[in-house]
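A short worksheet on the structure shown next.
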Amino acid sequence: MVAERIGQISLGRFILLWGLSATLILMAITYVLGREAVDKRIWQDAEVLGKAEITRLSLIAERVIVQDRALLNEMLSQSVSDPRIKQILVAGPDGRVVFSTHVGYKGRLIREIPDLDPSVLDQLADKGPLYSVSDKQESRLYFAQSFAWPPPPGKIRSDKLGFVLVSINLANTEYETRAEIMRDQLLVAGIFLSALLLLLAGFFYLTHKPLSDLTLAADRYRTGDFSHKVSVSGIREMKDLAESFSMMSQEIERMLSRLQQSEFKFRSLLEHSPAGILAFDESGKLAYMNVAFSAMTGIAPRQLEGISLNEFDALMRRLCRNPLQYPPLSDQPGGAEDAGETIELQNPELHIMLRSVIDLALPQLKRIVYFQDITILSVVDRMKSEFISTAAHELRTPMSMVLGYAELLLTNRYSESDRTAMIEAIHTQAKRIVYLLNALLDLARIEAGADKAFNIGRHAIGPLLQSLAASFIQHDDPRRVKLAPIPELPPLQIDPEKIGQALKNCLSNAYKFSSPESEVSLSAARVSGEHGDEVAISIRDHGIGMTPEQMARMFDRFYRADTSGKIPGTGLGMSLVKEIVEYHKGRIEVASQLGAGTEITISLPVG
């Protein structure tokens, strides 16, 4: 509290208080050191006054007492006007008072005077012709001096002596002396204070403006404004202080700029990170959440403001697909080698996330939680497993047939017709295996390096469609593709071989899933719509058609709408069509009705 009050005192008030304090201290020191000197001076002044008065008065009494006692009274009364002189007595040889400043003492014996101690008279009698004695109890100093008493008439000289007694009041003398010394002290203190104030005023004048500028600059620096520069003239020390202050502010500005840049980079890194990041402080309250966590969980930032670890666990448990399988954060120790926990959220779509925890020994950041969305990775991993299983199954069936017929031919003798049938079966299954492997290789080449798998150029689409319709023949099916009249079409940026392969796959499906009596048609036209200028190629059959569920999966690898096994196929044809068309920046549209047939439209952009 005292420090705060002192800090609130302005510089001017501080200088004034300091000067007054220094003056009082000086006066106190002067008083203490000069006390003994003051007492000595009081006695010296009293002795000087007493001796001077007793000498003067004894001369006056010796000369005037006989001739004119009235004049003597007048001259002695003038001495009594001095307030320091308490009493004057003139006594004759008989010891009686002939003159006294006290009216009632005249004519009385000097030893009968009430306020004169006989012991003082005894001490005075033992002194010389000019002597003094003090009475400390009465604060008086007594001086006495004898003088020749005038001879009686007719005689030249007299042996009798009178004497003069002067009483000095030490109290009045001390008052006068101390008052004089006090005046001297006040004069010295005034001169000292004036010099001090003049010095401090000059110092204040030279330092007030620089200090005000430094204070103003410090206030601006505190608010982050470093544009104010301090320029000081005058005292060299103030100049050095201002230069040091400016250098300090520049260094602070540089450090603050680097800190802000580092914070901006770090915050940008966190905000643009694909991983969801949460930070909890030492009290277990949420201190930070990035945008990615809100996007992957659907939790608004306001829902997590000031939330604790237990509250966060309760919220996440409600979002889990299986709340009982949620691992609470409060039970997880965390660490740099944390392998993570898998969490499945249903909000409303399924999100599979890998959660990792790192504990820090910082007061602001106690625990950091990372959420990585591995939904796609999980789906891809599942698809890979399904793909390998399906591919192995698709290859095992024809390979088993090839191996079985080959073993029969090796171990048994059959008629020529049976051997021919078995060899044809082996040949058919071998072709199926080759087709399956080629399809897999085509898909792998497209996914691994599409630019190397395609040979894009500017080609006319009309001749390609005419050649395909004329040459396409399905085994054991006498039907021909019905090609609609082709209008004039612009050339397209395509790989004719890959586009031809995609159209063959579509025509093959149209033949396989329709009766021999039905018609398979091929048409093309130029259309313009929301997707721009395109060439639309349509293949239509009147076969068994598909359900919406079958249509949703028709482009999945190894998916076959016919589960009876009577219709041959690998389940890779339409997957390959989709990859080829999408590489050409085209689109595939499917319209199908169960029992009425299917129409597939491939739209390729013009230009």
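Computed from a predicted model, the values in this text were never measured in an experiment.
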Could you list the donor-acceptor pairs under 3.5 angstrom formed between side-chain atoms of residues 284-300 and any protein atom two or more places apart in sequence or on another chain?
| residue | atom | partner | partner atom | Å |
| --- | --- | --- | --- | --- |
| Tyr288 | OH | Glu271 | OE2 | 2.6 |
| Asn290 | OD1 | Ile277 | N | 2.9 |
| Asn290 | OD1 | Phe293 | N | 3.3 |
| Asn290 | ND2 | Leu270 | O | 3.0 |
| Asn290 | ND2 | Ala275 | O | 2.9 |
| Ser294 | OG | Ile299 | O | 2.6 |
| Thr297 | OG1 | Phe293 | O | 2.6 |
| Thr297 | OG1 | Ile299 | N | 3.4 |

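- Residues that satisfy the side chain to side chain contact (heavy atoms under 4.5 Å, CB included) test with Ile343, not counting sequence neighbours, are Cys320, Tyr326, Pro327, Leu345, Arg355, Phe371.
- Of all heavy-atom pairs between Lys106 and Val98, the closest is CE-O, 3.4 Å.
- Taking Arg317 as the reference, nothing meets the salt bridge (Lys or Arg N to Asp or Glu O under 4.0 Å) condition, with sequence neighbours excluded.
- Taking CZ of Arg108 as the reference point, atom CZ of Arg96 lies at 10.0 Å (rounded to 0.5 Å).
- In terms of modelled atom types and a separation under 3.5 Å, the side chain of Arg367 and the main chain of Leu329 share a donor-acceptor contact.
- Residues satisfying the salt bridge (Lys or Arg N to Asp or Glu O under 4.0 Å) test with Glu253, not counting sequence neighbours, are none.
- Remark: Tyr370 pairs with no residue by the ring pair (Phe, Tyr, Trp, His ring centres under 6.0 Å) rule, at least two apart or across chains.
- By the 4.0 Å N-to-carboxylate-O rule, Asp281 lies too far from Lys366 to be salt-bridged with it.
- Summarising the geometry, atom CG belonging to Leu278 is positioned 10.0 Å from atom CG belonging to Leu309; distances are rounded to the nearest 0.5 Å.
- Scanning for side chain to side chain donor-acceptor pair (under 3.5 Å) contacts around Glu305 gives an empty result, with sequence neighbours left out.
- Scanning for salt bridge (Lys or Arg N to Asp or Glu O under 4.0 Å) contacts around Glu344 gives Arg321, with sequence neighbours left out.
- Looking at residues two or more places apart in sequence or on another chain, you find a side chain to side chain contact (heavy atoms under 4.5 Å, CB included) between Leu360 and Ile358, Leu362, Leu365, Ile368.
- In this structure Gln261 satisfies the side chain to side chain contact (heavy atoms under 4.5 Å, CB included) test together with Ser257, sequence neighbours excluded.
- With sequence neighbours left out, Arg587 forms a salt bridge (Lys or Arg N to Asp or Glu O under 4.0 Å) with Glu534, Glu589.
- Nearest heavy atoms, Asp373 versus Ile352: OD1-O, 3.3 Å.
- Considering only residues two or more places apart in sequence or on other chains, Met255 meets the side chain to side chain contact (heavy atoms under 4.5 Å, CB included) condition with Glu251, Arg258.
- Qualifying side chain to side chain donor-acceptor pair (under 3.5 Å) partners for Gln303, counting only residues two or more places apart in sequence or in other chains: none.
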